[in-house]
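Report on one structure; see the data block that follows.
Heavy atoms only: backbone and side chains are in, while hydrogens, waters and symmetry mates are out. Every value quoted in this text rests on a predicted model; they were computed, and no experiment measured them.
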2 protein chains.
Amino acid sequence: MPGDIVRPSPMYKQLADRLAEAIAEGEYEPGSVLPSETQLMERYSVSRPTVRSAIAELRSMGLVESQHGKGSFVRAHGLPAAVIERTITRSGKSFALGWPAEEVELPAVTRGEAAGIAATLLDRSDEAVFITDRLLADPTTGARAAHRTLIPFAVAEEIPSLAKHPDAEPVDIYAELAAAGHTLTWTETVTARTALPDERADLNLTDGIPILITYRVTASADGRPLILEELRVSADRARLTFRISTE
Amino acid sequence: MPGDIVRPSPMYKQLADRLAEAIAEGEYEPGSVLPSETQLMERYSVSRPTVRSAIAELRSMGLVESQHGKGSFVRAHGLPAAVIERTITRSGKSFALGWPAEEVELPAVTRGEAAGIAATLLDRSDEAVFITDRLLADPTTGARAAHRTLIPFAVAEEIPSLAKHPDAEPVDIYAELAAAGHTLTWTETVTARTALPDERADLNLTDGIPILITYRVTASADGRPLILEELRVSADRARLTFRISTE
DNA sequence: TATCATTTGTTCGTATGTATC
DNA sequence: CGATACATACGAACAAATGAT
């Protein structure tokens, strides 16, 4: 419908759009500081709350990062540095992952029940599972990742070594499963969402940066899921790569 | 250091955390409405701006969605419905993708230069490329995706049919490349970020929902990148799956 | 070291507009 | 129409971090 009468968009959004455009065009370069709130008030003849709302928009878009007492700085953008290679390599009976991350804390093992997404992907509702949590870090870039392993009790009963050491490294668990006669297949599901407060702390996240989440299901040849791994990482610090082959 | 003296966190954050916790524990169920701003003001003895800041936090976390004149509603969360299967299948000389999406608009072809991330992944800086943009939709869920193909001029010169029809479907481009004698390999890189304003409109995004971005590089056997595809999709509506095989 | 100006962060109050029922 | 709800915008005051004097 051409000629529609539209309300003007709010002033704070207009200001946010202008600043975003200026950033995109390189008028404010990455690392440089935006004009102060007082300067923006005067330059655009708006109140301080309006300026602050506009900058809040830019923050939530991940375009700027504000520092108390200093100013709001334009964020550098580009492909995240840390590359998490999701390919699994196998030589004989042993497996290897492409991301040689270090453990920041000792693994923590708890028992719980598969629920929500985990239950859906494991195809086991309300079943008891071993949960192992790890906090990992890429030694070169410092990128952090939260890793979780879910082992259903039924699987642990079938393979006692898993019940004994549910906090074994994923590659070792693969080896145990293979040794128990399973022909392993993997499916990985990737999604993203905004971080919750506790995740912000664990993963060193800044405002406006989502987390990438991958769920890796290790299944037997018949497609029955055996274990589930979940990896959460800052989308700003790390990216995931997959090698794809035709089937 | 136990017993550290810490500044109390801001009231609006405390309130946001409490509400977020209440949502996580199911006190406010998905689809239900939060108490009104006035009610929250009275219940927690804070001012209206404080309540609004708290709700803005919840919005940016993707936990609630506010509707003018009605209230703030708890968002349903879980695994996104639309599954985008990134596997490539091959039968003889023809290829197929796992996501039979429909085109919402006709593909738009432009010419440009590889820059930024695209240049990095294509390993060709400032080289002229054909750019083809598509707006796709999953027919069953309605999830939308923005797809872009980058074909370097150098590759198009080598294979004239590509220069003639740079807007060919990806699977057809694969077939052309294979017919020209290339043994194709694919690498996919996944990242995520908060959407820019124009992306919000194209992809029907709501506040606090990031976009998933995948870059698929089609390379020759020697590893030289031939073409680049970029797919952007709402992390709330769609998820990506990969099949992983040991090498 | 101490102080001060600058800058962002938090919190209040108030008024008005606009969508929904 | 009116009541309720969220959205926008202004003003004011003080707190806290920073960097220079």
Nearest-nucleotide pick for Tyr12(B), side chain only, options being dT10(C), dG11(D), dG9(C): dT10(C)
Considering all heavy atoms, the nearest Arg144(A)-Asp202(A) contact: NH1-O, 3.1 Å
Listed nucleotide nearest any side-chain atom of Val46(B), set dG9(C), dC10(D), dC12(C): dC12(C)
For atom CZ of Phe73(A) and atom P of dG19(D), their distance in whole Å: 8 Å
Leu34(B) side chain near Val74(B) side chain, heavy-atom distance below 4.5 Å: yes
Pro10(A), nearest nucleotide to its side chain (from dT8(D), dT11(C), dA7(D)): dT8(D)
Salt bridge Asp138(B)-Arg237(B), side-chain N to carboxylate O under 4.0 Å: no
Separation of atom CE in Met41(B) from atom C1' in dA5(D), rounded to whole Å: 13 Å
Protein-nucleotide distance (Glu37(A), atom CD; dT7(C), atom P), rounded to Å: 10 Å
Under 3.5 Å on both distances, the Watson-Crick or G-U partner of dT10(C): dA13(D)
Atom-pair distance (CD1 on Ile55(A); C1' on dT7(C)), nearest Å: 10 Å
Closest to side chain of Met11(A), choosing from dT11(C), dA9(D), dT8(D): dA9(D)
Nucleotide of dC12(C), dG9(C), dA7(D) approaching Arg59(B) most closely (side-chain heavy atoms): dA7(D)
Between dT4(D) (C1') and Gln39(B) (CD): distance, integer Å: 10 Å
Between dG13(C) (P) and Arg52(B) (CZ): distance, integer Å: 16 Å
Close side-chain approach of Ile213(B) and Ile117(B), heavy atoms under 4.5 Å: no
Over all atoms of both residues, closest heavy-atom pair of Leu150(B) and Ala118(B): CD2-CB, 3.7 Å
Nearest-Å distance for atom pair NZ/C1', residues Lys70(B) and dA7(D): 16 Å
Between C1' of dT8(D) and CG of Leu15(A), the distance in whole Å: 14 Å
dC12(C) phosphate, OP1 or OP2, under 4.0 Å from Thr50(B) side-chain N/O: yes
Closest listed nucleotide, where the reference is the side chain of His68(A) and the choices are dC10(D), dT8(D), dT8(C): dT8(C)
Minimum-distance nucleotide to Arg48(A) side chain [options: dC12(C), dG19(D), dT10(C)]: dT10(C)
Ser36(B) side chain, from C-beta outward: closest of dA5(D), dT10(C), dC12(C): dA5(D)
